[in-house]
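Right, one structure below, let's go through it.
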Amino acid sequence: MKIWVDADACPVVIKEILFRAADRTQTIMTLVANHSIRIPPSKYIKFQHVSAGFDVADNEIVKQCTIEDLVITSDIPLAAEVVAKGATALNPRGELYTESNIRQKLNMRDFMDNLRSSGIQTGGVPPINQSDRQAFANNLDKWLAKK
């Protein structure tokens, strides 16, 4: 069981929760990004640098993750590929992507993209709050307990 992190857009506060959890549970975690990311010294935490380009990091995560792994991402198309592969996907707000909800999330994402491309202001995603952090930590701990 490994943790893969789509690290390009993962909030720092979530990375910090992940760093502590990986060390505490001795779980291998790999952050994948197309730019350098500082990681703490740990034999359990690794960084994989990929070349710049559209979905390069996402494709690398999908290629390497297995059915036993957890992928941390807010990228819904990446989460859909991970779920289709049988792995677990969790967003930084603590919401699990599942076979039963991923299609709806993809449809909503596409709908919002269409609104934005037609010039409608849809607003941004609010910052991660304490409730989001707690939901993330709780779902992470549930997954780690299966180890």
Side-chain angles (χ1 to χ4, degrees), residues 1-50 55-116 120-147:
M1 293 172 61
K2 296 178 183 171
I3 299 172
W4 297 92
V5 182
D6 181 10
D8 285 323
C10 187
V12 172
V13 67
I14 298 303
K15 287 180 203 163
E16 290 169 358
I17 291 169
L18 288 163
F19 294 153
R20 288 190 301 272
D23 275 335
R24 183 184 77 239
T25 62
Q26 300 178 349
T27 302
I28 299 296
M29 178 176 71
T30 304
L31 290 90
V32 182
N34 61 22
H35 64 280
S36 293
I37 293 180
R38 284 184 23 167
I39 60 171
S42 169
K43 65 181 182 178
Y44 304 107
I45 302 169
K46 304 180 182 330
F47 171 68
Q48 183 173 351
H49 186 265
V50 295
D55 286 345
V56 175
D58 297 357
N59 293 338
E60 190 62 29
I61 290 169
V62 171
K63 182 172 94 175
Q64 292 193 51
C65 79
T66 69
I67 196 167
E68 297 178 338
D69 295 346
L70 173 66
V71 175
I72 309 300
T73 185
S74 56
D75 184 311
I76 297 170
L78 170 57
E81 288 188 71
V82 167
V83 168
K85 195 170 178 179
T88 303
L90 176 64
N91 77 19
R93 294 180 182 279
E95 184 178 10
L96 282 169
Y97 297 107
T98 65
E99 287 181 8
S100 62
N101 72 13
I102 197 66
R103 179 67 41 213
Q104 174 192 11
K105 295 201 176 298
L106 279 168
N107 289 339
M108 182 56 76
R109 174 193 170 273
D110 293 343
F111 174 72
M112 297 303 280
D113 278 349
N114 286 336
L115 286 177
R116 284 187 291 274
I120 297 173
Q121 297 295 322
T122 59
V125 178
I128 289 185
N129 61 35
Q130 186 60 38
S131 175
D132 296 330
R133 284 183 235 163
Q134 188 63 51
F136 178 83
N138 288 343
N139 275 323
L140 176 63
D141 284 344
K142 285 178 191 172
W143 183 84
L144 288 167
K146 294 187 234 176
K147 220 177 129 173

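Note: hydrogens, waters and symmetry copies are ignored here, and every other heavy atom, side chains too, is used.
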Salt bridge between D141 and R24, side-chain N to carboxylate O under 4.0 Å? yes
Taking all heavy atoms of W4 and all of Q48, pick out the closest pair and write down the distance. CZ3-OE1, 4.1 Å
Here the pair of heavy atoms bringing F47 nearest to H35 is CZ-O, 3.2 Å
For side-chain contact (heavy atoms from CB on, under 4.5 Å), just list the numbers for E60 and V56, CA-CA rounded to whole Å, side-chain angles, deciding distance to a tenth of an Å, and then say yes or no. CA-CA 6 Å; E60 190 62 29; V56 175; 5.8 Å; no
One should read off an interatomic distance between K15 NZ and I37 CD1, to the nearest 0.5 angstrom, of 4.0 Å
When rounded to the nearest 0.5 Å, the distance separating CG of L96 from OG1 of T88 is 7.0 Å
For residues W143 and D69, report the shortest heavy-atom separation together with the two atoms involved. CZ2-C, 3.7 Å
Point-to-point distance, once rounded to the nearest 0.5 Å, from CZ of R133 to CD of E16: 9.5 Å
Please give me the minimum heavy-atom distance between N34 and D8, naming the atom from each residue. N-OD1, 3.1 Å
Going from CG on L90 to CZ on F136, what distance comes out if it is rounded to the nearest 0.5 angstrom? 5.0 Å
Of all heavy-atom pairs between D75 and L78, which one has the smallest distance, and what is that distance? OD1-N, 2.9 Å
Audit row: M29, I72, side-chain contact (heavy atoms from CB on, under 4.5 Å) steps and yes/no: CA-CA 10 Å; M29 178 176 71; I72 309 300; over 6 Å; no
Would you say F19 and L31 make side-chain contact, with heavy atoms under 4.5 Å? yes
Supply the atom-to-atom distance Q26 CD to L144 CG, rounded to the nearest 0.5 angstrom. 12.0 Å
Rounded to the nearest 0.5 Å, the CG atom of L18 sits from the CD1 atom of I39 at a distance of 12.5 Å
Are there over 12 heavy-atom neighbours, none belonging to K85, within less than 6.0 Å of that residue's NZ? yes
side-chain contact (heavy atoms from CB on, under 4.5 Å) for D58 and E81? Distances and angles first, verdict last. CA-CA 9 Å; D58 297 357; E81 288 188 71; 5.6 Å; no
Say whether, by atom type as modelled, one donor and one acceptor occur between the side chain of N91 and the main chain of E95 under 3.5 angstrom. yes
Which of V13, I128, D6 passes side-chain contact (heavy atoms from CB on, under 4.5 Å) with P92? Answer is I128
Considering all heavy atoms of both residues, which atom of L140 and which atom of A21 are nearest to each other, and what is their separation? CD2-CB, 3.7 Å
